[in-house]
Amino acid sequence: MLFLVRMDVRIPHDLPAVQVQDIKAREKSYSQALQHDGRWQSIWRVVGEYANYSIFNVSSNDELHQLLQGLPLFDYMDIHVTPLACHPSAIAS
């Protein structure tokens, strides 16, 4: 199942810098592991914002929910999920 996910990050300004650096390092490691195993298929930065659009390919809504909750930045994110379906005009491989 494919999902388009928008993540807007809102780290509190009063969070200690050391803590922010640690969270970001864990976030990068976690997200890259999911990219390597194919579940996080792609990620794009939104220009001018601390946000991204990503494509996830997972087996279920529950799996996606579990992966998103595992993000170290989860507590500091607004997340919007859009399930995707094949388009009849798409050129399929």
Side-chain angles (χ1 to χ4, degrees):
M1 298 176 70
L2 293 175
F3 295 90
L4 174 67
V5 180
R6 179 177 169 121
M7 298 176 227
D8 291 273
V9 181
R10 305 201 191 307
I11 299 173
H13 296 291
D14 60 348
L15 205 61
V18 172
Q19 187 176 351
V20 172
Q21 290 171 353
D22 175 64
I23 293 169
K24 287 181 178 181
R26 290 185 292 117
E27 181 82 10
K28 184 175 184 176
S29 177
Y30 181 80
S31 69
Q32 288 182 344
L34 294 174
Q35 290 172 65
H36 284 295
D37 75 19
R39 291 182 286 175
W40 194 326
Q41 288 193 332
S42 54
I43 183 171
W44 295 277
R45 168 96 47 216
V46 177
V47 175
E49 299 180 39
Y50 194 172
N52 73 75
Y53 280 102
S54 296
I55 301 289
F56 285 83
N57 188 357
V58 295
S59 62
S60 68
N61 295 338
D62 291 329
E63 181 181 5
L64 179 62
H65 184 73
Q66 181 182 14
L67 294 179
L68 295 175
Q69 276 193 313
L71 290 165
L73 283 169
F74 180 79
D75 291 338
Y76 309 108
M77 288 182 171
D78 294 325
I79 298 174
H80 180 79
V81 176
T82 304
L84 300 174
C86 295
H87 194 283
S89 296
I91 299 173
S93 56

Exercise for review: Quickly, which of Val5, Leu4, Ile43 forms a side-chain contact (heavy atoms from CB on, under 4.5 Å) with Ile55? Name it, please.
Suggested key: Leu4
Review point. Could you give all pairs that pass the salt bridge (charged side-chain N to carboxylate O under 4.0 Å, His left out) test and reach residues 54-76, with sequence neighbours left out?
Key: Arg39-Glu63
Exercise for review: Quick one: pull up CG in Asn57 and CG in Leu34 and give me the separation to the nearest 0.5 Å.
Suggested key: 12.0 Å
Review point. How many angstroms lie between atom CZ of Phe3 and atom CG of Leu68, to the nearest 0.5 angstrom?
Key: 9.5 Å
Exercise for review: Just do the side-chain contact (heavy atoms from CB on, under 4.5 Å) check on Arg45 and Tyr50 with the steps written out, would you?
Suggested key: CA-CA 8 Å; Arg45 168 96 47 216; Tyr50 194 172; 3.8 Å; yes
Review point. Looking at Leu64 and Phe56, what are the two nearest heavy atoms and their distance?
Key: CD1-CG, 3.7 Å
Exercise for review: List the steps and the verdict of side-chain contact (heavy atoms from CB on, under 4.5 Å) for Ile23 and Leu15.
Suggested key: CA-CA 11 Å; Ile23 293 169; Leu15 205 61; 4.1 Å; yes
Point to revise | CD1 on Ile11 to CE on Met77, rounded to 0.5 Å | key: 8.5 Å
**Study point:** Pairs involving residues 67-86, ordered by first then second residue, that meet ring-ring contact (aromatic ring centres under 6.0 Å, His included) (sequence neighbours left out)
**Key:** none
Study note, to complete from the structure: Rounded to the nearest 0.5 angstrom, the CE-CG distance for Met7 and Asp78 is 12.0 Å
Check your understanding: Partners of Ser54 by side-chain hydrogen bond (donor to acceptor under 3.5 Å, both in side chains), sequence neighbours excluded?
Key -> Trp40, Asn52
Check your understanding: Can you check whether Ser31's main-chain N or O pairs, donor with acceptor, with Gln35's side chain at less than 3.5 Å?
Key -> yes
Check your understanding: What distance separates Met1 CE from Asn61 CG, expressed to the nearest 0.5 Å?
Key -> 4.5 Å
